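All values below come from the heavy atoms of this structure, side chains included, with hydrogens, waters and symmetry mates left out. No experiment lies behind these values; they were computed from the predicted model shown.
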Amino acid sequence: MRNFTHFLYTLAMSLFLLVGMTSCEIVGGIFKAGAWTGAILVIAVIVLIIWGFSRLFGGRRSD
């Protein structure tokens, strides 16, 4: 049951972020901040997404 509530919490937060921030606002903010800041920010977001999926679906293997 704990995994299911964690999944629902993660899903709710993801949907909130998707609805709360449109892609145009994000891209506009990145270009205002500068190219290097935008590149670092995009890489950090991609790494966080990959880490989140690995934590969510990777699980622990019990042998």
Side-chain angles (χ1 to χ4, degrees):
M1 188 66 173
R2 182 175 179 265
N3 287 337
F4 184 69
T5 55
H6 179 70
F7 173 74
L8 286 179
Y9 175 74
T10 304
L11 182 65
M13 290 303 294
S14 299
L15 289 174
F16 175 74
L17 289 174
L18 285 174
V19 172
M21 298 181 72
T22 63
S23 59
C24 293
E25 291 175 1
I26 294 171
V27 171
I30 288 172
F31 280 114
K32 284 182 185 175
W36 281 107
T37 306
I40 292 170
L41 188 65
V42 167
I43 291 170
V45 167
I46 291 171
V47 168
L48 283 173
I49 290 171
I50 292 171
W51 177 79
F53 276 118
S54 70
R55 295 282 293 172
L56 187 63
F57 296 115
R60 296 180 189 212
R61 308 220 188 270
S62 59
D63 293 332

Side-chain hydrophobic cluster, 4.5 Å single linkage: members besides I43
V47

Go through the structure and list residues passing side chain to side chain contact (heavy atoms under 4.5 Å, CB included) with I46, not counting sequence neighbours.
V42, I50

Verify the cluster assignment for F7 and I49: are they in a single hydrophobic cluster under the rule of side-chain heavy atoms below 4.5 Å apart?
yes

Report the hydrophobic cluster partners of M13, with the cluster defined as I, L, V, M, F, W, Y residues connected by side-chain heavy atoms closer than 4.5 angstrom, directly or transitively.
Y9

Under the rule for ring pair (Phe, Tyr, Trp, His ring centres under 6.0 Å), what residues qualify as partners of F53, not counting sequence neighbours?
F57

Partner residues of L41 under the side chain to side chain contact (heavy atoms under 4.5 Å, CB included) criterion, sequence neighbours left out:
I30

